[in-house]
Amino acid sequence: MNKVMVAMSGGVDSSVSALLLKQQGFDLCGATLSLYSNNDIGLCDTKTCCSLDDVEDARRVCARLGIDHFVFNLKEQFKQGVIEPFAEGYRRGETPNPCVECNRSIKFSGVLARARQLDYDAIATGHYVQSKYDVAVGRWLLKKGRDPAKDQSYVLYMLTQPMLARTLFPLGGLTKREVREMAEEHGLVTARKSESQDICFVPDGDYAGFLAKTLGVVSEPGCFVSPQGEVLGRHEGMIHYTLGQRRGLGISADRRLFVVKKNMESNTVVLGDEVLLMRRRMTIDRLNWVSVAAPQSSIRAEVKSRYRQSAQPAWLHPQEDGSILVEFDAPQRALTPGQAAVFYAQDVVLGGGTIRDCTLEGERP
RNA sequence: UGGGCUGUAGCCAAGCGGUAAGGCACCAGACUUUGACUCUGGCAUUCCGAUGGUCCGAAUCCAUCCAGCCCAA
């Protein structure tokens with residue numbers, strides 16, 4: 001495995017990833033995906049992960065490292081695999097995670113395919129995760145990154161064994177700080193690029209406006225109501241809200257109010273106290289098992305039901321229809337359909353899926 | 001036009017003579033490869049419905065007026 005294609009977003013992480021592999025003597029090239037054009041999204045500025053500026057930054061880093069740089073056009077795939085499902089999710093009243101979808105259907109498969117075409121043995125990314133082949137069970141294990149603050153295994157639960165077999169994660173054992181310092185030392189132009197990003201194809205962060213204007217998602221204004229059905233005010237349309245949300249409601253009360261339910265049939269958003277968001281169970285579908293085979297009976301795991309939330313102990317109960325019923329030891333806040341749920345055993349990613357339903361019988365509506 | 005109550009920032013609301021709590025909303029940051037949550041900071045530089053008065057000193061006491069609500073007629 002000598003020839004490696006590094007997926008480079010134009011950020012500091014993938015830049016350092018390339019740097020490290022270069023230092024290790026791999027025969028390297030960089031690849032940046034072109035996922036949308038300005039026409040698709042209106043304006044495009046430097047805040048997004050694959051804007052023209054970012055492509056240029058990736059190119060500059062490659063030049064600095066003395067390696068080839070390719071740009072692959074995956075606009076059509078991205079539109080079908082990420083943007084449209086994103087709109088569909090919101091139409092259903094869910095809160096989709098486009099980053100997960102991108103990793104699932106675009107990024108890895110896209111770069112792997114191009115790598116194969118150009119005769120590269122493997123690909124690499126700048127994700128903070130670790131992988132290793134477990135000889136005993138004959139499988140690749142996907143593990144959390146060493147830097148707990150930056151671990152990105154949550155967004156990679158959909159990787160498959162063939163993908164893991166051909167993907168390197170050079171940053172898995174590093175901390176963000178070390179990565180920044182390294183970029184600084186080697187004068188990479190991306191060393192100080194900002195960390196934060198919104199949804200990459202929504203340049204100004206106004207995802208609701210994007211859904212409405214560009215994707216034609218219809219979302220009529222309606223009523224905010226209390227759990228008892230009392231009208232509290234007007235909302236701007238379902239797509240503006242997600243479970244557990246507090247800000248931007250514009251409803252003043254004697255206490256904090258949260259979105260506790262989205263009622264698509266009546267086009268109402270139910271506002272109430274935070275305790276109404278607590279649930280112990282949820283159903284997960286679109287499953288992918290990474291480091292283990294699909295379990296046939298109930299197993300213990302820690303489950304992350306949201307990015308940047310610590311994994312919580314739970315039982316995983318396989319269901320007849322192939323889904324998994326997650327039963328947390330303790331109630332969890334705002335389990336939200338459309339978001340990813342990822343199962344862990346310590347640092348190992350067992351698998352994960354999409355939260356489908358969390359208002360099961362016997363629990364609060 | 002008999003009686004009672006209320007009137008403090010966008011909303012709710014403390015204060016009951018000593019120089020304007022707090023919550024919500026909002027705004028700005030932090031955090032963050034999703035949406036959120038969370039955290040930090042800012043939010044009546046002036047007078048608390050209006051006008052007079054008492055007092056060293058009032059949003060707090062008194063008077064009148066205005067507005068709204070309620071109970072009687």
Side-chain angles (χ1 to χ4, degrees), chain A residues 7-14 17 33 35 47-51 54 82-83 85-87 89-90 92-104 106-108 125-129 145 147-158 171 176 179 190 193-203 205-211 217 219 224 232-234 237-260 262 269 271-275 277-278 304-310 332-342 352 354-355:
Chain A
M8 298 181 70
S9 64
V12 62
D13 294 330
S14 50
S17 204
L33 302 180
L35 300 175
K47 280 187 73 179
T48 66
C49 77
C50 304
S51 70
D54 293 318
V82 177
I83 296 182
F86 178 70
Y90 270 104
R92 287 193 300 268
E94 300 177 353
T95 305
N97 186 329
C99 292
V100 166
E101 289 313 311
C102 180
N103 288 331
R104 187 202 306 278
I106 309 296
K107 202 171 281 179
F108 285 83
T125 76
H127 288 103
Y128 288 82
V129 297
D147 183 349
K150 290 301 301 180
D151 168 47
Q152 290 170 321
S153 57
Y154 177 82
V155 296
L156 296 183
Y157 76 83
M158 75 302 295
L171 306 189
K176 184 75 191 193
V179 168
T190 52
K193 284 183 80 169
S194 146
E195 199 68 10
S196 71
Q197 300 175 343
D198 292 312
I199 298 172
C200 71
F201 52 89
V202 184
D206 178 15
Y207 74 91
F210 177 78
L211 283 165
V217 176
S219 184
F224 282 125
L232 300 174
R234 300 286 294 171
M238 286 294 180
I239 59 174
H240 290 85
Y241 311 99
T242 186
L243 294 182
Q245 179 174 339
R246 171 166 90 82
R247 295 185 175 274
L249 304 177
I251 301 296
S252 60
D254 55 357
R255 61 193 191 283
R256 293 182 170 180
L257 292 180
F258 299 84
V259 173
V260 298
K262 290 170 75 172
V269 175
L271 268 29
D273 289 310
E274 199 163 23
V275 289
L277 289 163
M278 304 306 282
K304 261 178 104 157
S305 52
R306 197 191 333 266
Y307 189 66
R308 286 179 57 71
Q309 182 215 48
S310 62
Q332 303 296 308
R333 182 186 182 284
L335 302 172
T336 306
Q339 293 285 288
V342 180
T354 302
I355 299 174

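Not measured: the values here are computed from a predicted model. Chain letters run A, B, ... following the sequence lines, proteins first, then strands; residues in each count from 1.
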Between [N] and [M], how many Å separate the two [atom1] atoms, rounded to a whole number?
N: B/rA58; M: B/rA20; atom1: P; answer: 13 Å
N: B/rG22; M: B/rA9; atom1: C1'; answer: 13 Å
N: B/rC48; M: B/rA59; atom1: C1'; answer: 4 Å
N: B/rG49; M: B/rG10; atom1: P; answer: 13 Å
N: B/rC11; M: B/rU54; atom1: P; answer: 34 Å
N: B/rA28; M: B/rC43; atom1: P; answer: 15 Å
N: B/rC70; M: B/rC27; atom1: C1'; answer: 39 Å
N: B/rU46; M: B/rA67; atom1: P; answer: 28 Å

Taking the six-membered ring for Trp, are A/F210 and A/F86 parallel (under 30°), tilted (30 to 60°) or perpendicular (over 60°)?
->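 It falls in the tilted class, 30° to 60°.
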Atom-pair distance ([atom1] on [X]; [atom2] on [N]), nearest Å:
X: A/Q309; N: B/rU32; atom1: CD; atom2: P; answer: 17 Å
X: A/I355; N: B/rG35; atom1: CD1; atom2: C1'; answer: 12 Å
X: A/Q152; N: B/rC31; atom1: CD; atom2: P; answer: 16 Å
X: A/I199; N: B/rA36; atom1: CD1; atom2: P; answer: 8 Å
X: A/Q339; N: B/rC37; atom1: CD; atom2: P; answer: 13 Å
X: A/Y307; N: B/rC31; atom1: OH; atom2: C1'; answer: 11 Å
X: A/D206; N: B/rA36; atom1: CG; atom2: P; answer: 10 Å
X: A/L249; N: B/rC27; atom1: CG; atom2: P; answer: 12 Å

Is there a side-chain polar atom (N or O) of [X] under 4.0 Å from OP1 or OP2 of [N]?
X: A/R247; N: B/rU38; answer: no
X: A/R308; N: B/rU34; answer: no
X: A/R246; N: B/rC37; answer: no

Strand partner of [N], provided both Watson-Crick or wobble distances fall under 3.5 Å:
N: B/rA30; value: B/rU38
N: B/rC24; value: B/rG10
N: B/rA44; value: none
N: B/rU64; value: B/rA50
N: B/rU1; value: none

Closest approach to the side chain of [X], judged atom by atom: which nucleotide of [options] is it?
X: A/Q245; options: B/rU32, B/rC39, B/rA36; value: B/rA36
X: A/S252; options: B/rC24, B/rC37, B/rU34; value: B/rC24
X: A/K150; options: B/rA36, B/rC39, B/rU32; value: B/rU32
X: A/D198; options: B/rG35, B/rU34, B/rC24; value: B/rG35

Measure the shortest side-chain to side-chain distance between [X] and [Y] over non-hydrogen atoms and say whether it is less than 4.5 angstrom.
X: A/Q332; Y: A/R306; result: no
X: A/M158; Y: A/F108; result: no
X: A/F201; Y: A/P98; result: yes
X: A/L243; Y: A/T95; result: no

Compute whether any side-chain donor of one residue and acceptor of the other, for A/D13 and A/Y128, lie under 3.5 angstrom apart.
->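 There is such a pair between these side chains.
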Has the side chain of A/E101 got a donor or acceptor that lies under 3.5 Å from a partner of the other kind on the base of B/rU34?
->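 Under the 3.5 Å cut-off, the side chain and the base do not form any donor-acceptor pair.
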Polar side-chain contact A/T95-B/rG35 base: donor and acceptor under 3.5 Å |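 No.
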Syn/anti state for B/rC31 [syn: chi within 90° of 0] =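 It is anti.
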Could you say whether A/L257 or A/E274 is positioned toward the 5' end of RNA chain B, judged by the nucleotide with the nearest heavy atom to each?
->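 Comparing both residues, the 5'-ward one is A/L257.
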Residue whose closest nucleotide on RNA chain B lies nearer the 5' end, A/G248 versus A/I239 |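 Going by which nucleotide is closer to the 5' end, it is A/G248.
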What does [X] touch in the nucleic acid at a heavy-atom separation under 4.0 angstrom: a base, only the sugar-phosphate, or nothing?
X: A/Y207; answer: sugar-phosphate
X: A/Y241; answer: nothing
X: A/R333; answer: sugar-phosphate

Mind listing the closest non-hydrogen atom pair of A/Y154 and A/A340 along with its distance?
->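 Closest approach of A/Y154 to A/A340: OH-O, 2.6 Å.
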Salt-bridge test for A/R256 and A/E274: reply yes if a basic N is under 4.0 Å from a carboxylate O, no otherwise.
->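 Looking at A/E274 together with A/R256, the answer is no, because their closest N to O distance does not fall below 4.0 Å.
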